[in-house]
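Below is one structure; the comments refer to it alone.
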Amino acid sequence: MADVPWRPALPTDLTPIAEWVETPKALERWAGPGLSWPTDGPTLWQEIDGGGLPSFCLVSEREPIAFGQLVIKGERHYHLARVIVSPAHRRLGLGESLCRRLLTEARQRRAEHVTLNVFTDNRPAIDLYRRLGFVEQGAVDTRGIQPMQLRQFEDVDNKDP
Ligand SMILES: CC(C)(COP(=O)(O)OP(=O)(O)OC[C@H]1O[C@@H](n2cnc3c(N)ncnc32)[C@H](O)[C@@H]1OP(=O)(O)O)[C@@H](O)C(=O)NCCC(=O)NCCS
């Protein structure tokens with residue numbers, strides 16, 4: 001999975017990605033609260049600030065198969081956001097590959113502190129983030145969202161299988 005092509009996301013990528021999300025609950029678990037439902041590519045691109053935030057895809061035959069963003073939270077502090085893998089490509093290591101590349105990207109932007117938020121019942125995501133070195137940071141909020149932070153960078157970008 002180390003060689004899956006990677007590129008900045010395009011507005012048109014969000015049209016297939018919108019189809020990976022089948023329910024409002026799945027949309028919230030992926031992208032957070034407050035987004036429109038039903039949704040579509042142009043709406044999503046606008047609501048998740050695809051043009052403003054560093055946004056990336058893993059691609060196969062030019063089509064997105066995974067997507068994620070970096071949110072700048074403060075000086076040298078980046079937040080991993082909206083990580084998603086196409087349902088047809090899950091459990092193949094793409095989530096890990098995507099996150100490692102996002103972390104490399106954050107490091108190249110001189111990040112020293114990386115955080116993310118995840119629902120406590122999102123087992124696949126929590127397993128993935130723990131494997132990458134994220135640990136729980138503080139209390140779960142009333143919606144069931146657990147903040148996590150990366151313990152340390154430790155060559156995360158050199159561990160692709
Ligand atoms: C979370 C997500 C990105 C993981 O992507 P992925 O490509 O399947 O992840 P990987 O293959 O790199 O690793 C997944 C690991 O998590 C666990 N996992 C993955 N899918 C799982 C499932 N359905 N049930 C239980 N554990 C699962 C396993 O540990 C798995 O490793 P294994 O297959 O070797 O056992 C993907 O499930 C997804 O897109 N979910 C919907 C969007 C979302 O919830 N994003 C996270 C927002 S915080």
Side-chain angles (χ1 to χ4, degrees), residues 1-7 9 13-41 43-45 47-50 53-61 63-71 73 77-106 113-151 154-161:
M1 281 298 156
D3 295 331
V4 180
W6 155 268
R7 61 161 169 73
D13 290 325
L14 271 292
T15 296
I17 291 169
E19 289 174 13
W20 302 347
V21 183
E22 291 186 334
T23 64
K25 167 106 171 128
L27 179 67
E28 188 183 30
R29 277 159 69 91
W30 164 48
L35 301 187
S36 303
W37 185 267
T39 193
D40 56 34
T43 306
L44 260 180
W45 179 258
E47 291 185 348
I48 67 173
D49 195 15
L53 298 176
S55 304
F56 301 93
C57 290
L58 295 178
V59 294
S60 173
E61 295 174 356
E63 285 292 305
I65 52 172
F67 173 89
Q69 294 182 298
L70 293 172
V71 179
K73 286 282 187 174
H77 176 186
Y78 280 76
H79 193 78
L80 247 60
R82 306 198 177 108
V83 166
I84 189 166
V85 172
S86 134
H89 294 86
R90 288 185 191 161
R91 307 207 76 167
L92 298 172
L94 287 176
E96 185 170 338
S97 206
L98 172 79
C99 288
R100 288 195 192 283
R101 299 216 200 177
L102 286 169
L103 291 172
T104 300
E105 192 68 36
H113 185 50
V114 183
T115 54
L116 57 81
N117 291 330
V118 62
F119 280 90
T120 52
D121 61 355
N122 194 345
R123 197 74 251 162
I126 290 173
D127 285 354
L128 168 62
Y129 299 145
R130 287 212 178 112
R131 192 139 33 95
L132 289 162
F134 282 88
V135 292
E136 282 75 2
Q137 170 207 25
V140 176
D141 78 6
T142 51
R143 291 170 301 167
I145 295 174
Q146 171 70 64
M148 300 183 87
Q149 66 177 343
L150 187 63
R151 232 181 355 236
E154 278 183 347
D155 295 331
V156 281
D157 48 338
N158 291 328
K159 287 190 181 164
D160 251 328

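Whatever order the structure lists ligands and atoms in, that order sets their numbers, starting from 1.
- For R91, the closest heavy-atom approach to ligand 1 falls below 4.0 Å.
- Once rounded to the nearest 0.5 Å, the distance linking CG of D49 with OG of S55 reads 7.5 Å.
- Under the 4.5 Å side-chain criterion, counting only non-hydrogen atoms from C-beta, I48 is in contact with F67.
- For atom 39 (O) of ligand 1, the closest non-hydrogen atom of the protein is V85 N, 2.8 Å.
- Annotation: G95 places an N or O atom under 3.5 Å from an N or O atom of ligand 1; distance criterion only.
- Rounding to the nearest 0.5 Å places CD of E19 at 10.0 Å from CG of D40.
- To the nearest 0.5 angstrom, L116 atom CG is 4.5 Å from F134 atom CZ.
- Protein heavy atom nearest atom 30 (C) of ligand 1, with residue, atom name and distance: R131 NH2, 3.6 Å.
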Taking only distance into account, with no hydrogens and no angle test, what donor-acceptor pairs under 3.5 Å do side-chain atoms of residues 140-148 form with protein atoms, sequence neighbours excluded?
residue	atom	partner	partner atom	Å
D141	OD1	R143	N	2.8
D141	OD1	G144	N	3.1
D141	OD1	I145	N	3.0
D141	OD2	R143	NH2	3.1
Q146	NE2	G138	O	3.1

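- How far CG of L94 is from CD1 of I84: 12.5 Å, rounded to the nearest 0.5 Å.
- Under the rule for a side-chain hydrogen bond (donor to acceptor under 3.5 Å, both in side chains), E28 has no partner lying at least two apart in sequence or in another chain.
- Here the protein heavy atom with the shortest distance to atom 44 (O) of ligand 1 is N122 ND2, 2.8 Å.
- Shown in contact with N117 at under 4.0 Å from a heavy atom are these atoms of ligand 1, numbered in order with element: 48 (S).
- Counting protein heavy atoms only, atom 37 (O) of ligand 1 is closest to R90 CD, 3.5 Å.
- Nearest protein neighbour of atom 47 (C) of ligand 1, counting heavy atoms only, is R29 O, 3.6 Å.
- Note that the CH2 atom of W45 and the OG1 atom of T15 stand 10.5 Å from one another [nearest 0.5 Å].
- Residue-ligand proximity, I84 to ligand 1, at heavy-atom distances under 4.0 Å covers atoms 39 (O), 42 (C).
- Within 4.0 Å of atom 18 (N) of ligand 1, at least one protein heavy atom is present.
- Side-chain polar atoms of Q137 and T115 form no donor-acceptor pair below 3.5 angstrom.
- The aromatic rings of W6 and F56 sit parallel to each other, their planes meeting at less than 30°, with 60° as the upper class boundary.
- Shown in contact with A125 at under 4.0 Å from a heavy atom are these atoms of ligand 1, numbered in order with element: 1 (C), 46 (C).
- Protein heavy atom in closest approach to atom 11 (O) of ligand 1: G93 N, 2.8 Å.
- Looking at D127 against ligand 1, only its side chain comes within 4.0 Å, counting heavy atoms.
- Under the 4.0 angstrom criterion for non-hydrogen atoms, V21 is not in contact with ligand 1.
- Counting heavy atoms under 4.0 Å from ligand 1, residue L92 touches it through the backbone alone.
- In terms of polar-atom proximity, P124 is counted as a contact of ligand 1, with an N or O under 3.5 Å from an N or O of the ligand.
- Interatomic distance, CG of L102 versus CG of L80, reported as 5.0 Å (0.5 Å rounding).
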Give the C-alpha distance, both sets of side-chain angles, the deciding distance and a yes or no for salt bridge (Lys or Arg N to Asp or Glu O under 4.0 Å) between R123 and D127. CA-CA 6 Å; R123 197 74 251 162; D127 285 354; 3.3 Å; yes
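- By the 4.0 Å heavy-atom criterion, Y129 is counted among the residues contacting ligand 1.
- Counting only heavy atoms of the protein, atom 12 (O) of ligand 1 lies nearest to E96 N, 2.9 Å.
- Neither the backbone nor the side chain of F67 comes within contact range of ligand 1; no heavy atom lies under 4.0 Å.
- In terms of polar-atom proximity, V83 is counted as a contact of ligand 1, with an N or O under 3.5 Å from an N or O of the ligand.
- A salt bridge links E96 with R100: the distance from a Lys NZ or Arg NE/NH1/NH2 to an Asp or Glu carboxylate oxygen falls below 4.0 Å.
- In this structure, atom 2 (C) of ligand 1 has its sub-4.0 angstrom surroundings free of protein heavy atoms.
- Protein heavy atom closest to atom 4 (C) of ligand 1, with residue, atom name and distance, is L128 CD2, 4.0 Å.
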